[in-house]
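This report concerns only the one structure given below.
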Amino acid sequence: MSKHQEQIIQAAQGKLDEEILGAAWGKPRGSMTAVAGAGNLIASEIGARWAGKQRDGARNAGISLGNPGAVAITPTSLVTMKVKVSAMGAIKEVSEVLSVVPLGEIDSLKVKRMGLTGVMEITVGEHSFKLEGKPGDMKELAEVFDRAKVAV
């Protein structure tokens with residue numbers, strides 16, 4: 001279990017009615033490009049547009065995303081949360097639970113590695129959206145999702 005996963009589970013205590021089986025930190029795909037391109041207006045704009053497209057995809061699927069945010073899997077649901085991160089990158093607090101979606105409504109949760117970043121694509125019906133974060137954490141969350149989905 002990674003430090004981020006442990007930190008998210010700790011920070012979410014008392015905010016959910018179920019145990020968290022797995023969690024990962026993530027932002028809408030393109031958010032890191034938007035920040036990294038702060039000195040380059042074009043790169044910043046491209047990243048902001050990508051992130052906006054992912055937020056729209058999530059919203060169309062009935063899911064709200066935090067930036068920064070976290071995704072967690074419980075025995076029955078996929079949960080999105082808004083988190084507060086320290087200057088050193090630690091998850092300090094879950095400031096808000098944004099969405100709780102029954103696992104039966106989630107068609108797929110797949111992870112790919114893109115350079116140093118993990119990209120998680122979540123599909124709900126005809127809608128999908130992507131999050132970026134640590135590849136190992138996201139891969140582990142996808143495995144937890146697969147096990148929980150079979151059990152539901």
Side-chain angles (χ1 to χ4, degrees), residues 1-12 15-16 20-74 77-101 103 105-149:
M1 187 179 296
S2 78
K3 285 189 178 183
H4 272 160
Q5 182 169 312
E6 290 173 8
Q7 292 165 352
I8 293 165
I9 292 170
Q10 178 87 22
K15 297 192 185 243
L16 298 172
I20 294 177
L21 303 175
W25 171 87
K27 293 181 172 189
R29 178 83 169 118
S31 299
M32 290 184 203
T33 302
V35 172
N40 180 334
L41 201 54
I42 294 171
S44 182
E45 181 63 25
I46 289 169
R49 286 184 188 201
W50 282 352
K53 181 179 174 186
Q54 303 317 315
R55 280 191 295 277
D56 289 346
R59 188 173 23 258
N60 290 336
I63 298 173
S64 296
L65 300 177
N67 186 8
V71 178
I73 301 296
T74 71
S77 304
L78 178 137
V79 180
T80 62
M81 299 168 272
K82 184 175 183 178
V83 298
K84 291 186 179 177
V85 181
S86 74
M88 300 303 290
I91 308 295
K92 298 188 317 184
E93 175 185 345
V94 169
S95 55
E96 185 178 359
V97 173
L98 299 171
S99 302
V100 178
V101 182
L103 291 178
E105 293 180 19
I106 308 296
D107 294 317
S108 68
L109 188 153
K110 297 179 182 172
V111 176
K112 294 180 184 175
R113 186 179 195 113
M114 300 287 234
L116 299 175
T117 302
V119 177
M120 177 188 305
E121 182 172 12
I122 299 173
T123 304
V124 180
E126 60 188 46
H127 305 289
S128 68
F129 60 95
K130 295 177 182 176
L131 301 172
E132 54 192 15
K134 291 186 170 185
D137 291 355
M138 289 185 153
K139 195 113 175 122
E140 190 175 324
L141 184 66
E143 292 168 3
V144 169
F145 169 79
D146 289 342
R147 287 192 302 271
K149 179 96 169 162

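Residues Pro28 and Phe129 are not in side-chain contact: their nearest non-hydrogen atoms beyond the backbone lie 4.5 Å or more apart. Considering only heavy atoms from C-beta on, Arg147 stays 4.5 Å or farther from Leu21 through its side chain. Looking at heavy atoms from C-beta onward, Leu78 lies in side-chain contact with Ile73 at the 4.5 angstrom threshold. Side chains of Arg59 and Asp56 form a contact here, defined as non-hydrogen atoms less than 4.5 Å apart. When side chains are defined from C-beta on, Gln54 does not count as touching Leu131, because their heavy atoms never get closer than 4.5 Å. Using a 4.5 Å heavy-atom cutoff, the side chains of Val119 and Val111 are not in contact.
Across every non-hydrogen atom of Gly57 and His127, the tightest pair is O-CB, 3.9 Å. Residues Met138 and Gly118 share a closest heavy-atom pair of SD-O, 3.4 Å. In this structure, Ala72 and Met81 approach most closely via the heavy-atom pair CB-CE, 3.6 Å. Shown here for His4 and Gly89, the closest heavy-atom pair between the two residues is NE2-O, 2.8 Å.
To the nearest 0.5 angstrom, Lys130 atom NZ is 9.5 Å from Thr123 atom OG1. Interatomic distance, NZ of Lys15 versus CD1 of Ile20, reported as 11.0 Å (0.5 Å rounding). Distance CG/Asp107 to NZ/Lys110: 10.0 Å, rounded to 0.5 Å. Interatomic distance, NZ of Lys134 versus CG of Leu141, reported as 14.5 Å (0.5 Å rounding). Rounding to the nearest 0.5 angstrom, the gap separating the NZ atom in Lys112 from the CE atom in Met120 is 13.5 Å. Distance check, rounded to the nearest 0.5 Å: CG of Asn67 to NZ of Lys27 gives 5.0 Å.
Ser99 places a side-chain N or O within 3.5 Å of a backbone atom of Ser64 that can act as its donor or acceptor partner. No donor-acceptor pair closer than 3.5 Å links the side chain of Ser77 to the backbone N or O of Val79. A distance-only check finds a donor-acceptor pair linking the side chain of Lys149 to the backbone of Leu103 [under 3.5 Å]. For Ser95 (side chain) and Lys82 (main-chain N/O), a donor-acceptor pair under 3.5 Å exists by modelled atom type.
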